[in-house]
Structures are given as structure tokens and as C-alpha cells.
Novice: 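This is the structure, below, for whatever I ask next.
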There are 2 protein chains.
Amino acid sequence: MAGTEDNTRERLLDQAERLFSEKGFAAVSVREITNASQCNLAAVNYHFGGKQKLYLAVFKERWAKRAQKLQKSFIQALAGKQQPDLEEVISAMARAFLEGPLTDSERRNHIQLMQRELSNPGQAMGMIVQQVMRPFIQNLVSMIRPCLSREVEDERLRIYVLSMLGVVLYFFLARPAVSGILNQEYDQRFKSELVSHITAFCLNGMQALNQER
Amino acid sequence: MAGTEDNTRERLLDQAERLFSEKGFAAVSVREITNASQCNLAAVNYHFGGKQKLYLAVFKERWAKRAQKLQKSFIQALAGKQQPDLEEVISAMARAFLEGPLTDSERRNHIQLMQRELSNPGQAMGMIVQQVMRPFIQNLVSMIRPCLSREVEDERLRIYVLSMLGVVLYFFLARPAVSGILNQEYDQRFKSELVSHITAFCLNGMQALNQER
DNA sequence: GTCTATAGCAGGATAGAC
DNA sequence: GTCTATCCTGCTATAGAC
């Protein structure tokens, strides 16, 4: 009685995550989710208590775990270094988002889902900011601080870290537009070119912190 | 017969733009739009031929015009200079998006609507990319090229311009998240601090183009 | 735990009076 | 050009058999 263990529930979470990230909460119907999960319409209510609660469960049981995985892979990439330099930190961050431990579709789902919630705050946004983004940013801040040649307040440093995240995430979110503008598919070659570019751009951008202002 | 001239149609476009940008296409009902516009349910069908076509009309008749206004204000800001330097170009760009000629709510509607379409391409995306973004980016490219100390191919320069746009737009789109992370309202003081920050960050970031690679 | 069946309601669209 | 009334589809949620 512990072998099968709620396979339906898992399939529902999988498909719900995929569909919500592709189309957004309102554009997805429970029928679409249960059909894709090859289970019955009533299953959503039985397992989660409604569409809205399923949405929340996707964040709590799937999204948050992936976010941890992503951050662990970022930390792992820097684990060898005693004191990584700025370039290493930035490149590891860009790589975590663009080439990290997730599959392509996982990555897309993960980031699109986050963006939907961040620009259209619902009940999951508090959790995302408090439990995932704040710690991650604080983590970056404390890795970057020793690389700088001047004392910089936390608050100012956080804005810089947000700017770097902005660059990375934007190449993701506006992916269809970027493809259209550059006439460029997001293949493996282009993605690693992007990592180089982002690293160079942000590395130079961060130098503003080392200047008088 | 040319004085009143379809006031209802205009109100519908106004309210549709606001609601679509706040909640997204699927989450808004025709009833919600017509109530907000203080007109009848059937008006959407009469004037536009359906909800989907109203959505498209919002982009064609409202969004595109605002985009032009925004770009004109950007060009205007640089009109005095014979050859603006890089800092002036970047600061004018950031200002156009963050403090430009639109009211706060116009700006929010405009950018959120764009982002919804860019990350979730529908029928309006082609128009946005071809008629608005491509020309704007090409414009930026040709203003920036003379500021550089090296020859740079168009393609490479476009990626840099996209990165700058990424920074600017991200501070907009993730506004609720940024507020939560920094514990900071988007008041006038903070917005002009953002413009300074973005200018400094991007100005330095662009220096990567002047380096060997 | 999974299914069928259905209640109950909100959605987009349209016909036709004015 | 605007309104009312209504059609019909599709939605979420639930009751109850198995």
C-alpha cells in the first residue's frame, strides 16, 4: 500500500505546472489538466480541493523544490573555489538559469511560472519572494561583496544583483521576441554565446560599484 | 454627425486595455469590460466583432500609438545634441521607460501588455516585433555605434541593446517582487535613483564592447 | 481512490426591438 | 448605435455509485 502511492496526484501536478506556465491560470481549464493527466475530471477536487488550490500546490510542491535544485547547482558550481572572483560568480549564475541542472522544458516552465506570479501577484508571490528570491539574492550579495574594492551598502548591492538577474531572466522571458529580433534560434550554440555575453556585460556593469559616485 | 463620433468605442478600448494589461486576456470577461465602459454587453460585438478582435484592436489602435509616443519622447530628449555620448543615450532610454511622457498608469498598462504578448505570443506579437521593437532597437544601435571605440557588427551590438532593455524592463515587470525584496516603494525618489543606477550599470556594461574578446 | 452524472453558473455571441 | 433577451457552450464543483 506504499508502492503505487498516489500516482494520479503526481501526474496532475506535472501537467498543471506545464499548462499553467504555458498559458496562465485563467486560460487553463480543469478539464484540460485532467485530460492531459489521463485521469478523471473529479480528481482535481479530490486531491487538491479545487483549481485554485492545485495552482498553489504546484508552487509549494514543485516550483519551490526546483528553485532549491537550481540554487544548489549554482552553489555547487562555485564549491571548489575558496574565494571565487566576480566573473566566476556571474558566469555561474547565468549558467544556472540558462544551462543549469534542469531540462529545457523544466527550465521554461519554472521561469515562466515565476514571472507570471511576479508580474501578476497572487497567493504564491509571498512565498516566492520570502523563501526563494530573498535568500538567493542575499547569497549572491555575500559572494560578491568580497570581490569589490570598495565598501558598499547591502541595499545598493542588492539593486545591482537585481539588475543582473534582470538581464538573465529577460533573455528567457522575452525569448520569442528575442528570437524574432535577432533572427536567431535558441540552440545550444546561441545559449552558450548568451552566457558569455551576459557574463561580460554584467561583469563590466558591476564595475560601477568600484567607482566613485 | 461627426461630433459624438463613437464615444462608446473609445471607452471600450480604454477599459479593455486597462483590464487586459492588469489580468491578461483569458482572465477578463466581456461583461467586465462593458460594465467598466458603462455600455451594453453587445457593444463589443457590434464595434469589434468579438473579444479576440477587441484585444487585437487594443494593440493596433492604442498600444502602437503609445509606443510611437514613447519613442518620439526618447528621440526628442536627444534632439539637441549633435552627437550624444553613450551615457546620454542610455539615460534617455531609461528615462523614456521609467519617467517618460506617459502617466504612471499608462506606462504600467503599456509595458505589462507588451510583456504578456511577448512571453505568450498571440496574434499581436508579430506587429510588436516588426513594427515597434525592431525599428527602436535599430535606432538605438545606430546612435550607439558612433560612441564606441571599435568596429562592432550589428548582430553583436543588438544583443547588447537587448540586455539594456532587459534591465530597464525587468525593474518594471517584476516591480511587485522588487518592492518586496528591497522593501522599497516605487516613489519618485526611487525611480530617479533607478534611472541613475541603470545608466551606470549599462554604461559600464557596454564597455565590454570596447574590449578585446 | 476513481469514476459517472449532473447541478449550477458564467462565459461569448447573436437576434431583433427600438 | 444601443439595448434586452436569450441561446448555447464550457466551466467548476459536488454527489454518490463502485
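Letters A, B, ... are given to chains in the order of the sequence lines, protein chains preceding strands, and every chain is numbered from 1.
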Novice: Please report, rounded to the nearest Å, how far the C1' atom of D:dG10 is from the CG atom of A:Asn35.
Specialist: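 The answer, rounded to whole Å, is 13 Å.
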
Novice: Within this structure, what is the CZ-to-C1' distance between B:Arg9 and D:dT2, rounded to whole angstrom?
Specialist: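 It works out to 16 Å between those atoms.
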
Novice: Remember a base hit wins even if backbone is also touched, and classify B:Ala42 as base, sugar-phosphate or nothing at under 4.0 Å, heavy atoms.
Specialist: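 Base contact.
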
Novice: Checking B:Lys51 against B:Phe25: charged group under 6.0 Å from the ring centre and within 45 degrees of the axis?
Specialist: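 Yes, a cation-pi geometry.
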
Novice: After noting the C-alpha distance and the side-chain angles of A:Phe136 and A:Phe74, does the key distance pass the side-chain contact (heavy atoms from CB on, under 4.5 Å) rule?
Specialist: CA-CA 10 Å; A:Phe136 182 55; A:Phe74 162 72; 3.8 Å; yes

Novice: In whole angstroms, how far is the P atom of C:dA13 from the CD1 atom of B:Ile33?
Specialist: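 For the pair B:Ile33 CD1 and C:dA13 P, the rounded distance is 11 Å.
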
Novice: Please report, rounded to the nearest Å, how far the C1' atom of C:dA13 is from the OH atom of B:Tyr55.
Specialist: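 From B:Tyr55 OH to C:dA13 C1': 21 Å.
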
Novice: Looking only at side-chain N and O atoms, does B:Ser29 come under 4.0 Å of OP1 or OP2 in C:dG11?
Specialist: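 Yes, because at least one side-chain N or O of B:Ser29 sits under 4.0 Å from OP1 or OP2 of C:dG11.
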
Novice: Toward the 5' end of DNA chain D, which comes first, A:Glu32 or A:Gly49, by nearest nucleotide?
Specialist: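 Residue closer to the 5' terminus by nearest nucleotide: A:Glu32.
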
Novice: Nearest whole Å is fine: how far is D:dC3 C1' from B:Arg31 CZ?
Specialist: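 After rounding, the reported distance stands at 14 Å.
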
Novice: Think B:Asn45 has a side-chain N or O under 4.0 angstrom from the OP1 or OP2 of C:dT14?
Specialist: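 Answer is yes, contact under 4.0 Å.
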
Novice: Separation of B:His47 atom NE2 from C:dT14 atom P, in whole Å?
Specialist: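 Interatomic distance, NE2 of B:His47 to P of C:dT14: 15 Å.
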
Novice: Please determine if a side-chain N or O atom of A:Thr8 lies less than 4.0 Å away from the OP1 or OP2 oxygen of C:dG1.
Specialist: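 No, A:Thr8 has no side-chain N/O under 4.0 Å of OP1/OP2 on C:dG1.
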
Novice: Checking side-chain hydrogen bond (donor to acceptor under 3.5 Å, both in side chains) against A:Asn7, which of A:Glu10, A:Arg11, A:Arg9 comes through?
Specialist: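 Result: among A:Glu10, A:Arg11, A:Arg9, A:Arg11 is the only option passing the side-chain hydrogen bond (donor to acceptor under 3.5 Å, both in side chains) with A:Asn7.
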
Novice: Donor-acceptor pair, A:Arg175 side chain versus B:Ser119 backbone, under 3.5 Å?
Specialist: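 Not at all, since once roles are kept as given, no pair shorter than 3.5 Å links the two residues.
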
Novice: Within this structure, what is the CD-to-P distance between B:Gln38 and D:dC3, rounded to whole angstrom?
Specialist: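 After rounding, the gap between these two atoms is 11 Å.
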
Novice: How close or far is atom C1' of D:dG1 from atom CD of B:Glu10, stated in whole angstroms?
Specialist: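 After rounding, the gap between these two atoms is 15 Å.
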
Novice: For residues B:Glu17 and B:Tyr55, is any side-chain donor paired with an opposing acceptor at under 3.5 Å?
Specialist: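 Checked: B:Glu17/B:Tyr55 side chains show no N/O donor-acceptor pair below 3.5 Å.
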
Novice: Quick check for you: among D:dG1, D:dT12, C:dT2, whose closest atom lies nearest to any side-chain atom of A:Tyr46?
Specialist: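 The listed nucleotide nearest to A:Tyr46's side chain is C:dT2.
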
Novice: Starting from the 5' end of DNA chain D, give me the residue, A:Asn40 or B:Leu41, whose nearest nucleotide shows up first.
Specialist: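 Here B:Leu41 is the residue nearer the 5' end.
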
